[in-house]
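One structure is given here, and the rest of the page talks about it.
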There are 2 protein chains.
Amino acid sequence: MNVVNESPRRKELTRLAAQLFVQEGFDRTTVRMLAQEMGIKSGSLFHHFRDKQEILAAVIEEGTQNALMLARQALDECGGSASERLHAMARAHLETLLTDRNAHVVALYEWRRLDAAARDHLSHLRDAYEELWEQVIDEALEAGLVHGDRFLVSRFVMGALNWTVRWYDPEGPRKPEDLAHELVAMIAPSTHSQPGQSTKV
Amino acid sequence: MNVVNESPRRKELTRLAAQLFVQEGFDRTTVRMLAQEMGIKSGSLFHHFRDKQEILAAVIEEGTQNALMLARQALDECGGSASERLHAMARAHLETLLTDRNAHVVALYEWRRLDAAARDHLSHLRDAYEELWEQVIDEALEAGLVHGDRFLVSRFVMGALNWTVRWYDPEGPRKPEDLAHELVAMIAPSTHSQPGQSTKV
DNA sequence: GTCTATAGCGGGATAGAC
DNA sequence: GTCTATCCCGCTATAGAC
């Protein structure tokens with residue numbers, strides 16, 4: 001459905017929609033606001049999307065797919081130690097959340113506003129991303145880096161990261177990488193990150 | 001403004017509103033839904049509240065005040081060790097979020113929907129609650145229980161806790177107390193909780 | 001304190017010209 | 001692919017009777 005419909009125009013409109021959804025929330029964002037941001041009239045919007053719901057679905061698909069891609073890439077590029085992988089994953093997650101401040105945030109914070117059909121269509125994507133997290137957490141548990149229940153630890157870690165959206169100041173001194181480092185230090189304090197990736201601040 | 005207006009009737013209506021705001025979100029909750037839940041017609045609502053905004057403000061004030069009260073009480077009743085206090089705080093926080101599932105959740109998740117005046121009026125309450133957290137985190141840092149930056153640690157911990165709202169299943173086997181215990185174990189693994197409070201599961 | 005009735009507005013979405 | 005024009009609906013809030 002969406003895979004076919006990937007015109008560059010639509011992608012650009014999706015990007016702009018993501019920005020507004022983050023600023024205002026999905027419910028408060030009107031189709032007229034969306035149209036204005038896109039430089040067209042509200043009627044024209046429905047040439048690209050069937051309805052407002054479909055815009056949300058497009059944003060969330062884009063955001064999750066992007067996060068998944070960047071996370072896999074980060075894991076491929078980092079060293080193989082459990083600690084390095086945990087750090088790489090946290091860093092990738094925070095960068096998709098805090099640097100672009102768009103589609104991934106919408107995916108996390110507006111998921112409930114998807115209708116049943118869209119949730120159904122997108123849940124496997126979300127699950128794939130969460131499984132990647134659980135896998136990295138598993139490795140950390142096996143390495144003795146962290147202790148506790150796999151399910152709970154991954155949800156606590158994701159919660160700590162996802163909540164940064166609420167208080168992080170992009171103009172402040174801390175970069176997403178710094179936050180990732182501090183989080184790993186908090187839950188796995190005995191770890192010394194390998195050189196080659198400057199995780200020490 | 002609100003302190004004067006604390007009729008039992010209004011408190012009850014506020015309680016019902018909180019429930020709907022959690023289920024549907026503030027924006028999706030209509031005054032007609034609120035009225036129906038309260039057993040009156042929508043017009044009658046405005047005898048108790050000036051407008052929809054004021055209902056939200058009442059819920060958030062109630063939720064934060066309640067959380068603050070219960071947190072202080074929990075700290076008073078627990079032992080004095082940094083680990084016990086951290087655990088008590090986390091437990092109180094989770095119980096206000098997950099057991100009642102109402103006003104405190106709204107305070108956390110719908111804060112942005114408050115207008116400027118209400119935010120101004122309520123921010124000192126929210127700040128008092130966050131300062132209580134930072135104080136407990138400070139004690140944990142000084143006791144060597146946890147390591148890191150005071151600001152970041154408290155935000156990470158609160159994030160992990162606040163995000164539980166998204167995945168916690170009240171019908172499941174885990175109680176808020178169990179979650180609190182697991183979180184403390186995750187960030188301060190070397191700690192052995194004092195007896196007298198069964199924190200071990 | 002609650003009701004009925006309704007004003008007044010802004011929302012999502014459509015139709016057909018260009 | 002975008003425009004104008006507009007339908008229709010549901011929302012918040014008000015007025016005045018009871």
Side-chain angles (χ1 to χ4, degrees), chain A residues 1-2 4-60 106 110-119, chain B residues 1-2 4-60 106 110-119:
Chain A
M1 197 189 282
N2 289 334
V4 190
N5 227 340
E6 283 293 303
S7 68
R9 181 81 176 121
R10 187 178 151 119
K11 273 209 102 179
E12 170 67 2
L13 298 180
T14 302
R15 203 185 58 80
L16 291 168
Q19 198 182 331
L20 269 177
F21 288 164
V22 171
Q23 277 172 33
E24 304 291 329
F26 175 70
D27 291 326
R28 306 271 267 230
T29 304
T30 68
V31 294
R32 287 173 174 86
M33 292 165 67
L34 287 163
Q36 181 163 37
E37 194 75 11
M38 298 166 179
I40 55 179
K41 300 296 178 183
S42 68
S44 312
L45 237 179
F46 296 94
H47 177 76
H48 302 279
F49 303 91
R50 189 203 321 266
D51 52 23
K52 200 185 162 194
Q53 268 289 320
E54 195 177 286
I55 308 180
L56 178 62
V59 170
I60 290 184
V106 176
E110 305 288 357
W111 178 266
R112 297 188 337 152
R113 308 275 84 115
L114 287 172
D115 61 30
R119 264 205 298 272
Chain B
M1 195 188 280
N2 290 333
V4 190
N5 227 341
E6 283 293 302
S7 70
R9 182 79 174 124
R10 188 180 152 118
K11 273 210 100 176
E12 170 68 2
L13 297 180
T14 302
R15 200 185 60 80
L16 292 169
Q19 198 180 329
L20 269 177
F21 288 165
V22 171
Q23 277 171 33
E24 305 289 329
F26 175 72
D27 290 326
R28 306 271 266 231
T29 303
T30 69
V31 295
R32 288 176 174 92
M33 293 165 67
L34 288 164
Q36 182 163 38
E37 192 78 10
M38 297 165 179
I40 56 180
K41 299 296 178 184
S42 68
S44 311
L45 237 180
F46 296 93
H47 176 77
H48 303 279
F49 303 92
R50 189 204 323 264
D51 53 23
K52 201 185 161 194
Q53 267 289 320
E54 194 177 287
I55 307 180
L56 178 61
V59 170
I60 290 184
V106 177
E110 305 287 358
W111 180 266
R112 297 188 338 154
R113 302 291 154 227
L114 288 172
D115 61 31
R119 263 205 299 272

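Letters A, B, ... mirror the listed sequences (proteins, then strands); counts begin at 1. What's counted below: heavy atoms across the whole structure, side chains too, no hydrogens, waters or symmetry copies.
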Under the 3.5 angstrom rule, does the side chain of B:Glu110 hit a backbone N or O of B:Leu56 as a donor-acceptor pair? no
Give me each pair satisfying salt bridge (Lys or Arg N to Asp or Glu O under 4.0 Å) with a member in residues 19-32 of chain A, each pair once, sequence neighbours excluded. A:Asp27-A:Arg113, A:Asp27-B:Arg28, A:Arg28-B:Asp27
Side-chain heavy-atom pair B:Asp51, B:Glu54 within 4.5 angstrom cut-off: yes
Phosphate OP1/OP2 of C:dG10 contacted by A:Arg28 side-chain N/O (<4.0 Å): no
May I have the distance from A:Glu54 (atom CD) to C:dG12 (atom C1'), rounded to whole angstrom? 14 Å
Distance check needed: C:dA13 P versus A:Leu56 CG, whole Å only. 12 Å
Nearest-Å distance for atom pair CZ/P, residues A:Phe49 and C:dT14: 15 Å
Within residues 12-25 of chain A, which residues have any heavy atom lying less than 4.0 Å from an atom of DNA chain D? none
Is atom CD of B:Gln36 surrounded by more than 12 heavy atoms (other residues, nucleotides or ligands) closer than 6.0 Å? no
Think A:His47 has a side-chain N or O under 4.0 angstrom from the OP1 or OP2 of D:dT2? no
Rounded to whole Å, please give me the gap between CG in A:Leu34 and P in C:dA13. 11 Å
Summarise how protein sits on nucleotides 12-18 of chain D as a single string, 5' to 3': B when a protein heavy atom is under 4.0 Å from the base, S for sugar-phosphate-only contact, - for no contact. BBB----
Write down the distance between CZ (A:Arg9) and P (D:dG1), rounded to a whole number of angstrom. 9 Å
Starting at CD1 of A:Ile40 and ending at P of D:dT4, how long is that distance when rounded to a whole Å? 12 Å
Can you name the nearest heavy-atom pair linking B:Ile55 to B:Leu45, along with the distance? CD1-CD2, 4.0 Å
N-O pairing of A:Arg9 and A:Glu12 below 4.0 Å: no
Spacing of OG1 belonging to A:Thr14 relative to CD1 belonging to A:Ile60, to within rounding of 0.5 Å: 12.0 Å
Evaluate the side-chain proximity of A:Phe26 to A:Val106: yes if any heavy-atom separation is below 4.5 Å, no if none is. no
Within this structure, what is the CD1-to-C1' distance between A:Ile55 and C:dG12, rounded to whole angstrom? 10 Å
As a test of reading the structure: which of C:dG1, C:dC3, D:dG1 is closest to the side chain of A:His48, going by heavy atoms? D:dG1
Please confirm whether the backbone N or O of B:Leu16 pairs with a side-chain atom of B:Glu37, one donor and one acceptor, at under 3.5 Å? no
